[in-house]
Asker: 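I'd like to ask you about the structure that follows.
Everything numeric here is computed off the predicted structure, so don't read it as measured data. Heads up: numbering here begins at 1 and tracks the sequence. Start at 1 and go down the list; that is how both ligands and their atoms are numbered.
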Amino acid sequence: MCGIVGYIGTKSAVPILVGGLKRLEYRGYDSAGLALVQGNGKMIVHKCKGRVADLEKLLEGKDSSATIGIAHTRWATHGEPNDCNAHPHISQSGRIALVHNGIIENYRILKEALKAQGYSFNSTTDSEVLVNLIEHIQKSNNCTLLEAVQQATKQVIGAYAVVIIDRENPNQLIAIRQSSPLVIGIGNDDYFISSDAASVIEYTHDFIYLNDGEIAIVGRNEPVRITTADNNSCRVDVSKLQLSISQLEKGGHAHFMLKEIFEQPNTLHDCIRGRIDKATYTPVLSGVRDNRKHFLDARRLIIVACGTSWHAALIGKHFIESFCRIPVEVDYASEFRYRNPIIEANDIVIAISQSGETADTLAAVELAHRCGAFVYGICNAVGSSIARATDSGTYIHVGPEIGVASTKAFTGQVTVLLLLALTIGRERGIVPEDRCKQIAKDLLGLPQVLDSALKQVTPEAKSLAKIFTYAHNFIYMGRGVNYPTALEGALKLKEISYIHAEGYPAAEMKHGPIALIDAEMPCVVIATPDSTYDKTVSNMEEIKSRGGKIVAVVAEGDNLAAEIADYVIVVPRVDECLMPIVASIPLQLLAYYIAVNKGRDVDKPRNLAKSVTVE
Ligand code: AGP
């Protein structure tokens, strides 16, 4: 996600800002920039697509005397990664500039209103709308910058952290926090503002943590003042930070993977944000709405992906076939691209890719286009090659996934596929309204469910990991949507612990794999409530009668599968189409803790890359 650094004090701002951005690089980004106000009152902005090192090249030989500035690394959410969309964004008059982390949900409406007032825009970002909104309020009310900021925060909807610099007042920075973290570091005669204390911890360990709805006025040589949109003064509490930089980058977790597992309540909230009308509980994906005819005429969908994204695709097949009654084929992109596929006129090809750079998936997209298909992308990295190669698509908005083993991206992909199936199903008049509303309501509540699931299953996963750390093989099994969930659980284990694990449809056991069952072959069974539950329980009986050891993932209140299993992980009871998301949590944690017990490099497992950009 985006990173923010601000500085005001007596030192040269540039090295502090650039050094801070370097400390934030781990968050993932696609462009970087900074704005300074020089002693002569001139506002200077340097920004570019690319790395912080590219920004440093831009700064070579430039005046670095300014002692106030703001800086930013951008993880694109609205608008391609390019120089123009990079932050800071400057207002039309050039007087104020801002950096922004988060999403302004109602930016389109605000942008149209500002255009009607004569404002023009250089970028396609929501952030440029905000800086011009603040300027417009300030000019039309002839008020102070702080008053304009207070009024603007009453008009914008979304999650954001913002820092503003004003060339006509080079002795203050204004910082706003609304659902996106922002801290103020206190130096000897200077202040450091950042979205993550890690970026400035070398200068201070004393921090003010802004709370939601708070606006900080950070003035040179004066105490920090905190107020609200309604001008109510807030307490200013200073905390001493004990964490190391490395711990901070991982949010206090031991690995990025664990941080990303625990981020899932928030990332699903971000993934769903603005995609379910809370008044009517109707799901709306703009990518589907804008291409309605394609989805109404579609006679077949073909989903191409690799690895974890392919598992998400298998789950998406269940959703789309049951809610839209359109046949869905799921293909490994690497197979699709070489099998001279038959693609008919009304086929839609969907490409799923977290990185948006997987070579096989990109090649599959290009082949699909050559065959005349409409191609829809489900990616995480905005502006990535696959995202740009498709005709339209939906971003999963889970923020950069650093751990090689995919976790939050998987649950984000499954969520988007469910929203896609419901949106198309409604457009085609197939999915019953009450069923659609119920699932939409459950989706809105899902972040809280995941929160409690994480609290509930973490100790269970930790103790099971101790028991199975030295197992040599695992079989994961499930039925229906829980078969791909089993595949994903097996992949998590094998790719970070190096233990061999296979996923199987539970009913397939008797067609061969059951010969493997003995006390040395742990079986993870996803036995959660759905139309095949009783059959899954029978499969568990078959395993038990052959001396197998069963770890069952069951729903709260289960008293049948739980009785049969040797070990039980209980997850919250949710609608069966949400269960792949909820049941994945213990499987992610089980794999993580076993890998940690084995001393593996969890975030960077051997032989693996986060994005397979070669064949
Ligand atoms: C998943 O944990 C792996 N890292 C891998 O299977 C990954 O899902 C696959 O390489 C596809 O990557 P993509 O989603 O970025 O295309």
Asker: When you measure from the centre of the six-membered ring of Tyr29, is the NZ or CZ of Arg51 closer than 6.0 Å and no more than 45° off the axis?
Answerer: yes
Asker: Using the ring of Tyr498 (Phe, Tyr or Trp, six-membered ring only), decide whether Arg606 places NZ or CZ under 6.0 Å from its centre and within 45 degrees of its axis.
Answerer: yes
Asker: Which of the atoms of ligand 1 are close to Lys492, meaning less than 4.0 Å from one of its heavy atoms?
Answerer: 1 (C), 2 (O)
Asker: Tell me the protein heavy atom at minimum distance from atom 4 (N) of ligand 1, and give that distance in Å.
Answerer: Val404 O, 2.8 Å
Asker: List the closest protein heavy-atom neighbour of atom 16 (O) of ligand 1: residue, atom name, distance to the nearest 0.1 Å.
Answerer: Thr358 OG1, 2.5 Å
Asker: For Ala405, take its heavy atoms, then give the atoms of ligand 1 lying under 4.0 Å from any of them.
Answerer: 2 (O)
Asker: Kindly indicate whether the side chain of Val449, heavy atoms from C-beta on, has any atom under 4.5 Å from the side chain of Val582.
Answerer: yes
Asker: Does only the side chain of Glu357 get under 4.0 Å from ligand 1, or the backbone, or both, or neither? Count heavy atoms.
Answerer: neither
Asker: Evaluate the ring planes of His72 and His87, with Trp represented by its six-membered ring, and classify them as parallel (under 30°), tilted (30 to 60°) or perpendicular (over 60°).
Answerer: parallel
Asker: Which residue and atom name correspond to the protein heavy atom nearest atom 10 (O) of ligand 1, and how close is it?
Answerer: Val612 CG2, 3.9 Å
Asker: Minimum heavy-atom separation for Cys436 and Pro283, please, with both atom names.
Answerer: SG-CD, 3.6 Å
Asker: Enumerate the atoms of ligand 1 whose separation from the nearest heavy atom of Glu495 is less than 4.0 angstrom.
Answerer: 1 (C), 2 (O), 3 (C), 4 (N)
Asker: Can you tell me how the ring of Trp310 sits relative to the ring of Tyr332, calling it parallel under 30°, perpendicular over 60° and tilted otherwise?
Answerer: parallel
Asker: Which atoms from ligand 1 have a heavy atom of Thr308 less than 4.0 Å away?
Answerer: 1 (C), 2 (O), 6 (O), 8 (O)
Asker: What residue and atom, counting heavy atoms only, is the protein's closest point to atom 14 (O) of ligand 1, and at what distance?
Answerer: Ser309 OG, 2.6 Å
Asker: Tell me whether the rings of Tyr376 and Phe295 are parallel (<30°), tilted (30 to 60°) or perpendicular (>60°).
Answerer: perpendicular
Asker: Write out the residue and atom name of the closest protein heavy atom to atom 11 (C) of ligand 1, then the distance separating them to 0.1 Å.
Answerer: Cys306 O, 3.5 Å
Asker: Consider every N or O of Gln354 and every N or O of ligand 1, then say whether any pair is closer than 3.5 Å.
Answerer: yes
Asker: Count the heavy atoms of every other residue, nucleotide or ligand shown that sit under 6.0 Å from NZ of Lys604, and state whether that count exceeds 12.
Answerer: no
Asker: Any atoms of ligand 1 less than 4.0 Å from a non-hydrogen atom of Ser406? List them with their elements.
Answerer: 1 (C), 2 (O)
Asker: Check whether the ring centres of His311 and Phe410 lie less than 6.0 Å apart, and answer yes or no.
Answerer: no
Asker: Under 4.0 Å from any heavy atom of Ser353, which atoms of ligand 1 are there?
Answerer: 13 (P), 14 (O), 15 (O), 16 (O)
Asker: Starting from atom 6 (O) of ligand 1, which protein heavy atom do you reach first, and at what distance in Å?
Answerer: Gly307 CA, 3.2 Å
